[in-house]
Amino acid sequence: MLKGKTALVTGSTSGIGLGIAKVLARHGAKVVLNGFGDVDAARAEFRGFDAQIGYHPADMTRPEQIAEMMAYAEREVGAIDILVNNAGIQHVARVEDFPVEKWDAVLAINLSSAFHTARLALPGMRARNWGRILNIASAHGLVASAEKSAYVASKHGLVGFTKTLALETAATGITANAICPGWVLTPLVQKQVEARAAKDQTDLEEAKRRLLADKQPSMQFTTPEQLGELALFLCSAAADNIRGAAINVDGGWLAQ
Ligand code: NAD
């Protein structure tokens, strides 16, 4: 279905980004990976797929490195047809204790990087009159939790940015949408599981159960593969007129 298309997935050396990249590659897209994790291990996940896989180590806090990554993609793999803004970090602290440099890093990686990739990808998408921009926001793009001020601000910002992108491209073959997962068991959440286990003096399984019980009525983690399948659907012709949506995949978190 995606033969001839090129996808860039930021922050795709682990977790949700890797899961989405794998589904897109399995359906024929060439993929540019990015992120700070184990690149060889990430690449190994694509063995057997008939798809070119590139990698660029751009730091999403650095606009000039993002520009280098976009140029690398176009030169070495293909012009970006599918842009998945997925790189993200979390920091948990009350506002009055929140380190200023952490606030700046969360906003830069989770929000500003999506502006930089989109502004650089859009001219080519417009020239070809086809494109997909998928912003990986969060349930925290739609509702808040205590002690996650920067994350909640960045993800609400990303949902708003998605709507503006959708309006500016509404009469074209380019669509922009946000995916809003609840809990997904990735390295980002594993840290929170460990923090919860330490705080409650319990084991990791019980800490996972308590995290889910707080927010996610299904008591199941969403998987990166499920989010990859949703991304694939949003790349299909059936989704040509889904524009500016924020789709929650959250086990009922937002239904409460
Ligand atoms: P993860 O930690 O497994 O993946 C994050 C990726 O971003 C990694 O590849 C990491 O190397 C990369 N990254 C971090 N800082 C970077 C930087 N400065 N430059 C480039 N890459 C950088 O976490 P994940 O859970 O897979 O998170 C992926 C996205 O999904 C994030 O935007 C996160 O906010 C969002 N999300 C996660 C959950 C969840 O429950 N895990 C829920 C909702 C939304």
Side-chain angles (χ1 to χ4, degrees), residues 8-22 31-43 45 55-70 83-92 101-102 104-114 116-117 134-145 148 150-159 161-162 178-196 208 211-212 214-216 218 220-228 230-231 246-251 253-254:
L8 167 67
V9 186
T10 67
S12 45
T13 49
S14 63
I16 294 169
L18 182 57
I20 292 175
K22 279 168 63 178
V31 174
V32 178
L33 302 173
N34 157 261
F36 295 160
D38 183 337
V39 181
D40 291 336
R43 274 185 179 281
E45 303 258 343
Y55 167 77
H56 194 280
D59 178 343
M60 289 298 115
T61 64
R62 305 280 298 275
E64 73 287 359
Q65 292 189 20
I66 294 173
E68 283 164 21
M69 175 178 68
M70 303 301 282
L83 170 62
V84 184
N85 289 309
N86 167 80
I89 59 168
Q90 174 65 282
H91 187 79
V92 181
E101 63 282 3
K102 285 285 182 200
D104 288 344
V106 172
L107 269 288
I109 297 167
N110 295 14
L111 178 58
S112 299
S113 73
H116 292 297
T117 54
L134 305 180
N135 292 328
I136 309 308
S138 167
H140 283 120
L142 301 166
V143 291
S145 292
K148 294 186 174 175
Y151 190 84
V152 167
S154 70
K155 296 298 188 179
H156 275 67
L158 190 56
V159 168
F161 178 59
T162 306
I179 294 178
C180 297
W183 290 120
V184 186
L185 193 55
T186 65
L188 182 142
V189 164
Q190 188 62 31
K191 276 195 216 156
Q192 295 175 65
V193 171
E194 286 161 14
R196 181 67 179 259
K208 282 180 203 165
L211 279 183
L212 288 169
D214 282 350
K215 302 282 185 187
Q216 197 145 302
S218 68
Q220 307 274 341
F221 289 100
T222 299
T223 65
E225 293 69 31
Q226 289 170 331
L227 298 171
L230 175 58
I247 302 173
N248 45 310
V249 188
D250 63 359
W253 183 323
L254 274 138

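Counting begins at 1 with the first residue of the sequence. We count ligands from 1, going down the list as the structure has it; atoms in each ligand are counted the same way. Both backbone and side-chain heavy atoms feed into the values below; hydrogens, waters and symmetry mates do not. Everything quoted here is computed from the prediction, not taken from an experiment.
- Within 6.0 Å of atom NZ in Lys215, more than 12 heavy atoms from other residues, nucleotides or ligands are found, so the atom counts as buried in its surroundings.
- Among residue pairs with one or both ends in residues 13-22, those qualifying as salt bridge (charged side-chain N to carboxylate O under 4.0 Å, His left out) are Lys22-Glu45; sequence neighbours excluded.
- Shown here are the ring pair (Phe, Tyr, Trp, His ring centres under 6.0 Å) partners of His156, two or more places apart in sequence or in another chain: there are none.
- Under the side-chain hydrogen bond (donor to acceptor under 3.5 Å, both in side chains) criterion, Gln90 pairs with no residue, sequence neighbours left out.
- Listed by chain and residue number, the protein contacts of ligand 1 are Gly11, Ser12, Thr13, Ser14, Gly15, Ile16, Asn34, Gly35, Phe36, Gly37, Ala58, Asp59, Met60, Asn86, Ala87, Gly88, Ile89, Ile109, Ile136, Ala137, Ser138, Tyr151, Lys155, Pro181, Gly182, Trp183, Val184, Thr186, Pro187, Leu188, Val189 (heavy atom within 4.0 angstrom).
- The structure places CD1 of Ile89 at 3.5 Å from CD1 of Ile109, a figure rounded to the nearest 0.5 Å.
- Looking only at side-chain heavy atoms (C-beta outward), Met69 and Met60 come within less than 4.5 Å of each other.
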